[in-house]
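All values below were derived from every heavy atom in this structure, side-chain atoms included, with hydrogens, water molecules and symmetry-related copies excluded. Quantities reported herein were computed from a predicted structural model and do not represent experimental measurements. We name chains A, B, ... by the order of the sequence lines, and we start the count at 1 in each one.
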Amino acid sequence: AQSVTQLGSHVSVSEGALVLLRCNYSSSVPPYLFWYVQYPNQGLQLLLKYTSAATLVKGINGFEAEFKKSETSFHLTKPSAHMSDAAEYFCAVSEGDTDKLIFGTGTRLQVFP
Amino acid sequence: DSGVTQTPKHLITATGQRVTLRCSPRSGDLSVYWYQQSLDQGLQFLIQYYNGEERAKGNILERFSAQQFPDLHSELNLSSLELGDSALYFCASSVRGRASTDTQYFGPGTRLTVL
């Protein structure tokens, strides 16, 4: 079965600093990978997704992620954090034949002024 | 606003009771998914429907059931509720239910509290 592991349940950065949220996947077949963001008391919003078209995926709000097959990773980055980026971020993998999303445990991002 | 609506927003009930959560997908979306988010289990896939038919099942308890109606809205029925069923229940929808081409759009969720 496919799975994703998010390293670090909490990440804190200063405003303007690099954001790096880590995600490693486990899959026996080429996966579809996703990053979602959840703001307090809201649903999940898709940031970006990898579907094998390009290894560097650009998403909304200045986020991007790079698919690295050799490292089975799909880390999320943003060059400069904003206060508004404070939220919980979930990495997810899709099981191809059913298309259900398998989520990681989430990483809470705090941004300090 | 994702275009997916869920009602009610909050639900407080007692153990042993039965509740129904409702979801209206985005206009044009044929596939509906239900997820449960709890502190101890995280975000878990429960069940998926496509155009009225069940397509995939996840960690859904036998006490829970769902259906998708001809107008494509979906309902999740939770019965014989236990304290551990307290969670945020999300509905998501996509056009055809294919991750390679579609995006799952999530509703704002229904927060269920079982006392």
(request) Could you look at A:Y36 and say if it's the side chain, the backbone, both or neither that has a heavy atom under 4.5 Å from chain B? (result)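 Looking at A:Y36, just its side chain touches chain B.
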(message) If I measure from the heavy atoms of chain B, does A:Q45 come under 4.5 Å with its side chain, its backbone, both, or neither?
(response)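 For A:Q45, no heavy atom lies under 4.5 Å from chain B.
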(request) Evaluate side-chain hydrogen bond (donor to acceptor under 3.5 Å, both in side chains) for B:E53 paired with B:Q68, printing each intermediate quantity in order. (result) CA-CA 7 Å; B:E53 300 288 325; B:Q68 186 179 27; over 6 Å; no
(message) I'd like to know if the side chain of A:S80 reaches the main chain of A:A17, judged simply by a donor and an acceptor atom lying under 3.5 Å from each other, with no hydrogens or angles considered.
(response)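 It does not hold such a pair.
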(message) I'd like to know if the side chain of B:S2 and the backbone of B:V4 have a donor-acceptor N/O pair within less than 3.5 Å.
(response)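 At least one qualifying donor-acceptor pair exists.
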(message) Tell me whether A:K100 forms a cation-pi arrangement with B:F45, defined as NZ or CZ under 6.0 Å from the six-membered ring centre and within 45 degrees of its axis.
(response)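 No, cation not above the ring by the 6.0 Å, 45° rule.
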(request) Could you list which of residues 84-92 of chain A have a heavy atom closer than 4.5 Å to any heavy atom of chain B, in residue-number order? (result)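 When heavy atoms of chain B are the reference, residues 84-92 of chain A contributes A:F90 within the under-4.5 Å range.
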(request) Would you mind checking which part of B:Y105 comes under 4.5 Å of any heavy atom in chain A, side chain (CB onward), backbone (N, CA, C, O), both or neither? (result)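 For B:Y105, no heavy atom lies under 4.5 Å from chain A.
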(request) Verify ring pair (Phe, Tyr, Trp, His ring centres under 6.0 Å) between A:F103 and B:Y35, making sure each step is shown before the conclusion. (result) CA-CA 10 Å; A:F103 285 92; B:Y35 293 86; 5.6 Å; yes
(request) Just give me the residue among B:Q104, B:Q44, B:Q41 that pairs up with chain A most often, heavy atom to heavy atom, under 4.5 Å. (result)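 The option with the most such pairs is B:Q104.
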(message) Within the 3.5 Å criterion, strictly below it, is a donor on B:T20 or B:N77 matched to an acceptor on the partner's side chain?
(response)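 Yes.
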(request) Kindly compute the distance separating OG (B:S24) from CD (B:Q6), expressed to the nearest 0.5 Å. (result)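 Output value for this atom pair is 9.5 Å.
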